[in-house]
Amino acid sequence: MTLDREAFLSQPLQKLLPPLIQAFGAQRPRLDRLHRYAQGRHDILLRTRPEGLPNQRLTHGFPRYIAQLMAGYLLGEPVRYEDPQQPDAVDALNRLYRAGGAEQADMELAYQQSVYGRAVSLCYHGADGQPRVAALDPRYAFVVRDDTVEQRPLMGVLLTG
(Lines give C-alpha, C1' and ligand atoms only; values in the text may rest on other atoms or scores of the structure.)
Protein backbone atom coordinates (compact mmCIF):
# COMPACT_ATOMS: atom_id res chain seq x y z
CA MET A 1 0.00 0.00 0.00
CA THR A 2 1.23 3.47 -0.76
CA LEU A 3 0.65 6.72 1.05
CA ASP A 4 1.71 10.32 0.52
CA ARG A 5 4.71 11.00 2.78
CA GLU A 6 3.46 14.46 3.74
CA ALA A 7 0.03 13.08 4.69
CA PHE A 8 1.73 10.39 6.75
CA LEU A 9 3.86 12.89 8.63
CA SER A 10 1.11 15.47 9.15
CA GLN A 11 -1.75 13.26 10.40
CA PRO A 12 -1.97 11.22 13.59
CA LEU A 13 -1.88 7.44 13.23
CA GLN A 14 -5.38 7.13 14.70
CA LYS A 15 -6.66 8.89 11.59
CA LEU A 16 -4.43 7.06 9.08
CA LEU A 17 -4.73 3.47 10.28
CA PRO A 18 -8.48 2.74 9.87
CA PRO A 19 -8.59 3.31 6.08
CA LEU A 20 -5.33 1.37 5.63
CA ILE A 21 -6.63 -1.56 7.65
CA GLN A 22 -9.93 -1.44 5.78
CA ALA A 23 -8.13 -1.51 2.41
CA PHE A 24 -6.02 -4.44 3.60
CA GLY A 25 -9.14 -6.18 4.91
CA ALA A 26 -10.66 -6.03 1.43
CA GLN A 27 -7.75 -8.20 0.22
CA ARG A 28 -8.10 -10.79 3.00
CA PRO A 29 -10.63 -13.09 1.25
CA ARG A 30 -8.23 -13.50 -1.69
CA LEU A 31 -5.27 -14.17 0.61
CA ASP A 32 -7.31 -16.68 2.64
CA ARG A 33 -8.35 -18.48 -0.56
CA LEU A 34 -4.71 -18.68 -1.72
CA HIS A 35 -3.77 -20.08 1.71
CA ARG A 36 -6.49 -22.73 1.44
CA TYR A 37 -5.27 -23.69 -2.03
CA ALA A 38 -1.69 -24.04 -0.79
CA GLN A 39 -2.95 -26.27 2.02
CA GLY A 40 -4.84 -28.49 -0.45
CA ARG A 41 -8.31 -27.33 0.64
CA HIS A 42 -9.82 -26.36 -2.70
CA ASP A 43 -13.19 -24.72 -3.29
CA ILE A 44 -14.60 -28.00 -4.59
CA LEU A 45 -14.59 -29.29 -1.01
CA LEU A 46 -17.19 -26.65 -0.16
CA ARG A 47 -19.56 -27.93 -2.83
CA THR A 48 -22.69 -29.74 -1.70
CA ARG A 49 -25.07 -31.70 -3.88
CA PRO A 50 -28.79 -32.11 -3.40
CA GLU A 51 -29.96 -35.13 -1.41
CA GLY A 52 -29.65 -38.40 -3.26
CA LEU A 53 -26.97 -37.31 -5.75
CA PRO A 54 -23.34 -38.37 -5.37
CA ASN A 55 -20.97 -35.79 -3.96
CA GLN A 56 -17.62 -36.98 -5.24
CA ARG A 57 -14.81 -34.46 -4.92
CA LEU A 58 -11.17 -34.79 -5.82
CA THR A 59 -8.38 -32.42 -4.83
CA HIS A 60 -4.71 -32.28 -5.72
CA GLY A 61 -1.58 -30.76 -4.24
CA PHE A 62 -0.41 -28.86 -7.32
CA PRO A 63 -0.65 -25.35 -5.79
CA ARG A 64 1.60 -26.33 -2.88
CA TYR A 65 3.96 -28.21 -5.21
CA ILE A 66 4.26 -25.21 -7.53
CA ALA A 67 4.86 -22.81 -4.63
CA GLN A 68 7.54 -25.05 -3.13
CA LEU A 69 9.16 -25.55 -6.52
CA MET A 70 9.27 -21.81 -7.21
CA ALA A 71 10.66 -21.05 -3.73
CA GLY A 72 13.30 -23.74 -4.16
CA TYR A 73 14.20 -22.43 -7.59
CA LEU A 74 14.53 -18.90 -6.25
CA LEU A 75 16.61 -19.90 -3.23
CA GLY A 76 18.09 -23.23 -4.26
CA GLU A 77 21.37 -21.76 -3.20
CA PRO A 78 21.39 -19.57 -0.07
CA VAL A 79 21.68 -15.82 -0.47
CA ARG A 80 25.32 -14.69 -0.50
CA TYR A 81 26.63 -11.27 0.35
CA GLU A 82 29.99 -10.24 -1.08
CA ASP A 83 32.05 -7.07 -1.12
CA PRO A 84 35.73 -7.51 -2.01
CA GLN A 85 36.53 -4.06 -0.62
CA GLN A 86 34.99 -4.76 2.82
CA PRO A 87 35.39 -8.49 3.57
CA ASP A 88 35.35 -7.97 7.36
CA ALA A 89 32.02 -6.14 7.19
CA VAL A 90 30.54 -8.88 5.01
CA ASP A 91 31.75 -11.55 7.45
CA ALA A 92 30.14 -9.65 10.33
CA LEU A 93 26.90 -9.32 8.37
CA ASN A 94 26.89 -13.04 7.53
CA ARG A 95 27.44 -13.92 11.21
CA LEU A 96 24.53 -11.69 12.22
CA TYR A 97 22.27 -13.26 9.59
CA ARG A 98 23.18 -16.79 10.67
CA ALA A 99 22.63 -15.93 14.34
CA GLY A 100 19.28 -14.31 13.53
CA GLY A 101 17.96 -17.21 11.46
CA ALA A 102 17.86 -15.24 8.23
CA GLU A 103 18.36 -18.29 5.98
CA GLN A 104 15.23 -19.99 7.32
CA ALA A 105 13.30 -16.72 7.13
CA ASP A 106 14.46 -16.20 3.53
CA MET A 107 13.13 -19.62 2.53
CA GLU A 108 9.80 -18.97 4.27
CA LEU A 109 9.58 -15.56 2.60
CA ALA A 110 10.23 -17.10 -0.82
CA TYR A 111 7.46 -19.66 -0.21
CA GLN A 112 5.03 -16.96 0.95
CA GLN A 113 5.92 -14.83 -2.07
CA SER A 114 5.08 -17.71 -4.40
CA VAL A 115 1.78 -18.43 -2.61
CA TYR A 116 0.44 -14.93 -1.88
CA GLY A 117 2.43 -12.76 -4.26
CA ARG A 118 3.83 -10.90 -1.25
CA ALA A 119 5.94 -11.56 1.81
CA VAL A 120 6.64 -9.57 4.96
CA SER A 121 9.63 -9.91 7.27
CA LEU A 122 10.47 -8.35 10.60
CA CYS A 123 13.99 -7.71 11.85
CA TYR A 124 14.22 -7.19 15.61
CA HIS A 125 16.40 -7.73 18.66
CA GLY A 126 15.50 -10.82 20.67
CA ALA A 127 15.30 -10.99 24.47
CA ASP A 128 18.97 -11.99 24.50
CA GLY A 129 19.92 -8.86 22.55
CA GLN A 130 20.76 -10.81 19.39
CA PRO A 131 19.24 -9.72 16.08
CA ARG A 132 16.45 -11.93 14.76
CA VAL A 133 14.60 -12.18 11.46
CA ALA A 134 11.04 -13.49 11.29
CA ALA A 135 8.76 -14.13 8.35
CA LEU A 136 5.31 -12.74 9.15
CA ASP A 137 2.10 -14.19 7.76
CA PRO A 138 1.12 -11.91 4.84
CA ARG A 139 -2.54 -12.50 5.66
CA TYR A 140 -2.04 -10.46 8.85
CA ALA A 141 0.79 -8.04 8.05
CA PHE A 142 1.50 -5.37 5.50
CA VAL A 143 3.95 -2.55 4.83
CA VAL A 144 2.87 0.99 4.00
CA ARG A 145 5.22 2.72 1.57
CA ASP A 146 5.42 6.28 0.32
CA ASP A 147 4.18 7.14 -3.16
CA THR A 148 7.58 8.15 -4.53
CA VAL A 149 9.54 6.21 -7.11
CA GLU A 150 11.74 4.72 -4.36
CA GLN A 151 8.67 3.47 -2.44
CA ARG A 152 10.41 3.84 0.91
CA PRO A 153 8.68 2.08 3.80
CA LEU A 154 6.78 4.36 6.16
CA MET A 155 5.52 1.77 8.62
CA GLY A 156 4.60 -1.85 9.00
CA VAL A 157 1.35 -3.12 10.44
CA LEU A 158 0.84 -6.50 12.11
CA LEU A 159 -2.76 -7.39 12.92
CA THR A 160 -3.20 -9.63 15.94
CA GLY A 161 -6.16 -11.18 17.71
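The heavy-atom pair separating Gln151 from Arg145 by the smallest distance is O-NH1, 3.1 Å. Across all their heavy atoms, Pro54 and Arg49 have their closest contact at O-CG, 3.3 Å. For Gln130 against Ala99, the heavy-atom pair with the smallest separation is OE1-CB, 4.3 Å. Residues Ser114 and Ala67 approach most closely at OG-O, 3.0 Å, considering heavy atoms. Of all heavy-atom pairs between Ala135 and Glu108, the closest is CB-CG, 3.5 Å.
Taking hydrophobic clusters as Ile, Leu, Val, Met, Phe, Trp and Tyr residues chained together by side-chain heavy-atom distances below 4.5 Å, Leu109 does not share a cluster with Tyr140. Linking Ile, Leu, Val, Met, Phe, Trp and Tyr residues whenever their side-chain heavy atoms come within less than 4.5 Å places Leu20 and Val157 in a single cluster. Phe142 and Leu136 sit in two unconnected hydrophobic clusters of ILVMFWY residues. Membership requires side-chain heavy atoms under 4.5 Å apart, directly or through other members. Val120 and Leu31 end up in different hydrophobic clusters when Ile, Leu, Val, Met, Phe, Trp and Tyr side chains are linked at under 4.5 Å. Note on Leu158 and Val133: separate hydrophobic clusters, where clusters join Ile, Leu, Val, Met, Phe, Trp and Tyr whose side-chain heavy atoms are under 4.5 Å apart, directly or indirectly.
Distance check, rounded to the nearest 0.5 Å: CZ of Arg118 to CD of Gln113 gives 9.5 Å. Here CD1 of Ile21 is found 10.5 Å from CG of Leu16. Values are rounded to the nearest 0.5 Å. Put simply, CE on Met70 and CG on Leu75 are 11.0 Å apart, with the number rounded to the nearest 0.5 Å. Taking CD from Glu82 and CG from Asn94, the interatomic distance works out to 9.0 Å, rounded to the nearest 0.5 Å.
Remark: the backbone N or O of Arg28 is not paired with any side-chain donor or acceptor of Arg139 at under 3.5 angstrom. Arg47 places a side-chain N or O within 3.5 Å of a backbone atom of Gln56 that can act as its donor or acceptor partner.
Tyr37 pairs with exactly one of Asp32, Val115, Asp43, Ile66 by the side chain to side chain contact (heavy atoms under 4.5 Å, CB included) rule, that one being Asp43.
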Is there a side chain to side chain contact (heavy atoms under 4.5 Å, CB included) between His35 and Arg41 once you walk through the steps?
CA-CA 9 Å; His35 178 73; Arg41 298 185 318 236; 4.2 Å; yes
Test side chain to side chain contact (heavy atoms under 4.5 Å, CB included) applied to Gln39 and Arg64, step by step:
CA-CA 7 Å; Gln39 298 299 313; Arg64 175 181 231 153; 4.3 Å; yes
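A 6.0 Å sphere centred on CG of Leu53 holds more than 12 heavy atoms belonging to other residues, nucleotides or ligands. A 6.0 Å sphere centred on CD of Glu150 holds more than 12 heavy atoms belonging to other residues, nucleotides or ligands.
Sorted by first then second residue, the ring-ring contact (aromatic ring centres under 6.0 Å, His included) pairs that include residues 55-88, not counting sequence neighbours, are His42-His60, His60-Phe62, Tyr81-Tyr97.
The shortest distance between side-chain heavy atoms of Met155 and Leu17 falls below 4.5 Å. In this structure the side chain of Thr59 reaches within 4.5 angstrom of the side chain of Leu45, judged on heavy atoms.
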